[in-house]
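The block underneath contains the structure these notes are about, expressed in structure tokens.
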There are 2 protein chains.
Amino acid sequence: MSLPNILLGMLATPASGYDLKQRFENQERHYWSANLAQIYPTLKRMENDGLLESREEPSDKGPPRKVYRRTRAGIDALTQWLQRGPEVHSDRLSWLAQVGYLAHLPAKQQRDFMVKLHDEFVRHRRELEGLEAHWAAHDPRFPDALPDPELFAHFTLRLGLTKYATIVEWCEECLERLDRRDAKSAASG
Amino acid sequence: MSLPNILLGMLATPASGYDLKQRFENQERHYWSANLAQIYPTLKRMENDGLLESREEPSDKGPPRKVYRRTRAGIDALTQWLQRGPEVHSDRLSWLAQVGYLAHLPAKQQRDFMVKLHDEFVRHRRELEGLEAHWAAHDPRFPDALPDPELFAHFTLRLGLTKYATIVEWCEECLERLDRRDAKSAASG
DNA sequence: CTGAACATGTAATCCGTTACATGATTGG
DNA sequence: CCAATCATGTAACGGATTACATGTTCAG
């Protein structure tokens, strides 16, 4: 039941399904994703439920855009979602499950796996660093004078950055431990 | 497609569906979860596919246990999963999406929300700290002389611990920023 | 003229949760 | 005797992914 609420949150300014998809791929990518085949029917259902209203707008390029806006009922539903308190579900980190079973691979492939992970998360971290740098350069209120909605958007960005930094450091520690182990086994074997 | 592979990884020693569920609720809880209604049919299907074989064993209590063991084909499938490289999907952190929209709540409720989050993750962190302390107390090889499979299990535990620690610290920073904001607005308003 | 980006949708399938269904054993 | 724990399953539903389907505009 999260996607409809997240869409309500994102619709602070009116937007089309296509716009929302773009935002999932940029700003919100580190904590949620959704594809168009899920977004379009969800928006339609929310309109039927009275949470949104839409109007068609001509597009410069391609077919007309269907632009959605929150209704009063939509804003109320969003507020109630927040008032119910934090929704913490168990994470599904299949890459971490994989790390737990790396003993099934030879030492070289174990190392390769951890290096790939490391590089992948460095890439993710860099993307968010780029977002933050851009924000810092273009908004004189950044970071201590940000008004309410942007303050919270910055909170989520900070979590993304520290999360990726933590994972990258952890990968480096794991690689060091693997190297120590292999140095030891080479000496004794 | 992750659950079958994770079950293969967990079945280093033979176990029943019920046993595996227990393990999801203890050791593996910080990176995966599955309930019995998903585990039982998955194990059955994997047996049909030749990845597992089972035998019935009498139980002290309740109906007979169906104990599964990996076949050679199962171990091969697990190895291939690992050789395909890390499976990194986008996280689904609905609590973080909620934080992004907290501007819809009054200041007091914003703070309450962050305090609840903080306390929740402190609890998660403490559970993993308990696991690690127990391990350290009962295994003389901990942490530098752990042999291969346990070494990687420790890697996953370390990630869980630093992940929760990072989130807790982030909650505290957010609370400080909220308090500074409210001190400022009280002075000017 | 071809491919990328714009723009919307449906259908089939798969994964995960909740609810339902059954029954034995042990501790309080 | 009752609740908790042990133990296995099916059915219905909802959420998410992949594949299919259509059509425009602009840059190279």
### Query
Can you check the A:Asn35 CG to D:dT17 C1' distance for me, whole Å?
6 Å
### Task
Give the rounded distance in Å between these two atoms: CG of A:Leu3 and P of C:dC15.
20 Å
### Query
Does the separation of the ring centres of B:His154 and B:Trp135 fall below 6.0 angstrom?
yes
### Task
Rounded off to whole Å, could you give me the CD-to-C1' distance for the A:Glu57 and C:dT8 pair?
15 Å
#### Entry: Heavy-atom closest contact (A:Asp182 atom, A:Ala107 atom, distance)
OD2-CB, 4.1 Å
Side-chain donor-acceptor distances from residues 157-164 of chain A under 3.5 Å, at least two apart:
unit_1   : atom_1 : unit_2   : atom_2 : d
A:Arg158 : NH1    : A:Glu132 : OE1    : 3.1
A:Arg158 : NH1    : A:Glu132 : OE2    : 2.9
A:Thr162 : OG1    : A:Arg158 : O      : 3.1
A:Thr162 : OG1    : A:Leu159 : O      : 3.1
A:Lys163 : NZ     : A:His30  : O      : 3.0
A:Lys163 : NZ     : B:Asp91  : OD2    : 2.8

### Message
Please confirm whether the shortest side-chain N or O distance from B:Arg92 to OP1 or OP2 of D:dT17 is below 4.0 Å.
### Response
yes
### Message
So, OP1 or OP2 of D:dG9: does either fall under 4.0 Å of a side-chain N or O from B:Lys66?
### Response
yes
### Query
B:Asp76 and B:Thr79: side-chain donor and acceptor closer than 3.5 Å?
no
## Note on the structure
To the nearest angstrom, the CD-P distance between B:Glu47 and D:dT8 comes to 13 Å
### Task
Give one of base, sugar-phosphate or nothing for A:Ser2, where a contact means two heavy atoms less than 4.0 Å apart.
nothing
### Message
Please classify the nucleic acid contact of A:Ala37 as base, sugar-phosphate, or nothing, using heavy-atom distances under 4.0 Å.
### Response
base
### Message
Check the phosphate of D:dT8 against B:Tyr40, side-chain N and O only, distance under 4.0 Å to OP1 or OP2. Yes or no?
### Response
yes
Check the interface with nucleotides 21-28 of chain C: list each N/O to N/O pair with the protein under 3.5 Å, or write none.
none

### Message
Once you apply a heavy-atom cut-off of 4.0 Å, does A:Arg45 come out as touching a base, just sugar-phosphate, or nothing?
### Response
nothing
### Query
Under 3.5 Å, is there a donor-acceptor pair linking the side chains of B:Ser2 and B:Asn5?
no
### Between D:dG15 (C1') and A:Ile6 (CD1): distance, integer Å
12 Å
### Query
Regarding B:Ser33 and A:Arg92, is there a side-chain donor-to-acceptor distance under 3.5 Å anywhere?
yes
### Query
Relative to the 5' end of DNA chain D, which residue comes earlier, B:Val67 or A:Ala34, by the nucleotide with the nearest heavy atom?
B:Val67
## Note on the structure
Atom OH of A:Tyr68 and atom P of C:dA7 are separated, to the nearest Å, by 14 Å
### Query
Do the side-chain N and O atoms of A:Gln98 and B:Arg84 include a donor-acceptor pair separated by under 3.5 angstrom?
no
### Query
To the nearest angstrom, how far is B:Ile39 atom CD1 from C:dG16 atom P?
11 Å
### Message
Rounding to an integer number of Å, can you tell me how far A:Gln38 CD sits from D:dT18 P?
### Response
11 Å
